[in-house]
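By convention here, the first residue in the shown sequence is residue 1.
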Amino acid sequence: MELFQYMERYDYEQMVFCQDKLSGLKAIIVIHDTTLGPALGGTRMWTYENEDAAIEDALRLARGMTYKNAAAGLNLGGGKTVIIGDPRKDKNEEMFRAFGRYIQGLNGRYITAEDVGTTVEDMDIIHDETDFVTGISPAFGSSGNPSPVTAYGVYKGMKAAAKEAFGTDSLTGKTVAVQGVGNVAYHLCSHLHKEGANLIVTDINKEAVERVVAEFGARAVDPDDIYSQDCDIYAPCALGATINDETISKLKAKVIAGAANNQLKETRHGDKIHDMGIVYAPDYVINAGGVINVADELYGYNAERALKKVEGIYGNIERVLEISKRDGIPTYLAADRLAEERIERMRQSRSQFLQNGHHILSRR
């Protein structure tokens, strides 16, 4: 990979390689864009095949966070860290403290949080060395488990998508097929049940399925059968890439709105469902409740304020749909445009401010 060429092509700002021989730390911090504010993005620990794979993942994830934070209306840019190692056996206190010192050295340009392979406990250790970390233990003023808040945002976004498809945002009587009923989806099912929606669910975890069947009157189906169900809304809440060549032909839903990341296997699948008239709520817009929630920690966490901001996901989905219609493009592209337009407006505003300041100084 020609790193500088790649960074220039996608407008990355900074990449930091961090190593600590004593603890075994090998980390890559990528800051994509700080136009809207400091870069916020989690720390992922993974057993990458090689260093190039780790770098590529960090670059991809950092850019994704720029779009997610911008579309969510946060005054934050995008960044990400990957730590090369096995999270089950390579972790130690010295590693995360060393990493915390590297974050502190960036002086607030990058703020981290937990991600795949890292935990609240890891964030607490990082917090021993820097304040530029979120998702720490509630004892330190954190927001705690983000799953309920993420689910609430997905629920609000689903209602906005339903309004576009059915003319009303009421989910009473609507049938929702939920793929995966883990922590986030369980709370989503709770909201849907309270509003009077009919639930069809699936998961490879039988205990999780039995729980939502017992508590919310859901009907369980085999994992391979979830796509072909007679339903109004398909809610992918498990693995990514479930919207693909094999599944699209089976879908009967008029709306796709769920918590999973990277729901489209390829961008062309977003084009396909758009052509089919399916209303798609782009994943990084509808599932932004978690990052909105942890971002509130930067102001001294207030649960009521955070939930109010998460409710804004409804309006964000509406704006994506408006751009989709305005520009005649699929919603996955409209989401990118929403983020890009916000960043560009800020860049122009800053440029104008600097020009005005220059003129004032010149007159003096």
Side-chain angles (χ1 to χ4, degrees), residues 150-151 153-182 184-193 195-205 208-209 212-213 216-287 313-314 317 320-321 324 330-332 334-335:
T150 302
V154 174
Y155 167 66
K156 287 293 184 180
M158 183 183 290
K159 288 174 72 66
K163 184 178 179 181
E164 176 70 16
F166 308 117
T168 174
D169 68 4
S170 173
L171 300 177
T172 303
K174 293 289 188 290
T175 299
V176 184
V178 183
Q179 181 192 46
V181 284
V184 173
Y186 168 81
H187 293 285
L188 174 62
C189 288
S190 177
H191 289 298
L192 295 172
H193 176 66
E195 191 169 336
N198 304 308
L199 296 172
I200 303 172
V201 300
T202 195
D203 198 297
I204 58 174
N205 184 335
V209 170
V212 295
V213 168
F216 308 132
R219 177 167 66 87
V221 298
D222 289 336
D224 291 340
D225 295 334
I226 194 70
Y227 310 103
S228 58
Q229 296 301 307
D230 285 317
C231 62
D232 301 294
I233 301 169
Y234 165 56
C237 296
L239 298 174
T242 64
I243 303 170
N244 54 54
D245 288 335
E246 183 179 343
T247 61
I248 286 176
S249 61
K250 300 177 183 178
L251 293 175
K252 299 176 183 177
K254 296 296 183 185
V255 172
I256 297 175
N261 289 312
N262 305 314
Q263 295 170 19
L264 303 174
K265 185 171 183 179
E266 299 176 30
T267 55
R268 64 184 177 86
H269 296 122
D271 299 325
K272 177 65 174 177
I273 58 176
H274 176 73
D275 292 341
M276 292 169 64
I278 296 174
V279 177
Y280 171 55
D283 44 31
Y284 72 77
V285 180
I286 196 171
N287 69 13
I313 289 175
Y314 185 108
I317 294 295
V320 167
L321 294 167
S324 174
T331 54
Y332 79 91

* To do: Sequence neighbours left out, what passes side chain to side chain contact (heavy atoms under 4.5 Å, CB included) with Ser170? Give chain and number order.
  =>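 Counting only residues at least two positions away or on another chain, Ser170 forms a side chain to side chain contact (heavy atoms under 4.5 Å, CB included) with Thr168, Thr172, Glu195.
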Nearest non-hydrogen partners of [X] and [Y], listed with the distance:
X: Val255; Y: Ala162; answer: CG2-CA, 4.3 Å
X: Ala220; Y: Val209; answer: CB-CG1, 3.5 Å
X: Val178; Y: Cys189; answer: CG2-SG, 4.1 Å
X: Ala334; Y: Val320; answer: CB-O, 3.4 Å
X: Gly258; Y: Ile286; answer: O-CG2, 3.3 Å
X: Ile313; Y: Val285; answer: CG2-O, 3.8 Å

* Determine, for Arg268 against Asp275, whether the closest basic-nitrogen to carboxylate-oxygen distance falls under 4.0 angstrom. =>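 No.
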* If you draw a 6.0 Å radius around NZ in Lys254, do more than 12 non-hydrogen atoms from other residues or ligands fall strictly inside? ->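 Not buried by this count: 12 neighbours or fewer within 6.0 Å.
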* Glu246 atom CD: more than 12 heavy-atom contacts under 6.0 Å ->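 Not more than 12 within 6.0 Å, no.
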* Asked: Which residue, Asp245, Asn244, Thr247, forms the side-chain hydrogen bond (donor to acceptor under 3.5 Å, both in side chains) with His269?
  ->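 The single option meeting the side-chain hydrogen bond (donor to acceptor under 3.5 Å, both in side chains) with His269 is Asp245.
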* Asked: Do the rings of Tyr186 and Phe216 sit parallel, tilted or perpendicular, given the 30° and 60° boundaries?
  ->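 Tilted, since the angle between the ring planes falls between 30° and 60°.
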* Would you please say whether a donor-acceptor pair under 3.5 Å links the side chains of Tyr227 and Gln179? =>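 Yes, side-chain donor-acceptor contact under 3.5 Å.
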* Asked: Among side-chain atoms of Asp283 and Tyr332, is any donor-acceptor pair under 3.5 angstrom?
  ->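 Per modelled atom types, Asp283 and Tyr332 side chains form no pair under 3.5 Å.
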* Please test Tyr234 against Ile278 for side-chain contact (heavy atoms from CB on, under 4.5 Å), starting from the C-alpha separation and ending with a verdict. => CA-CA 10 Å; Tyr234 165 56; Ile278 296 174; over 6 Å; no
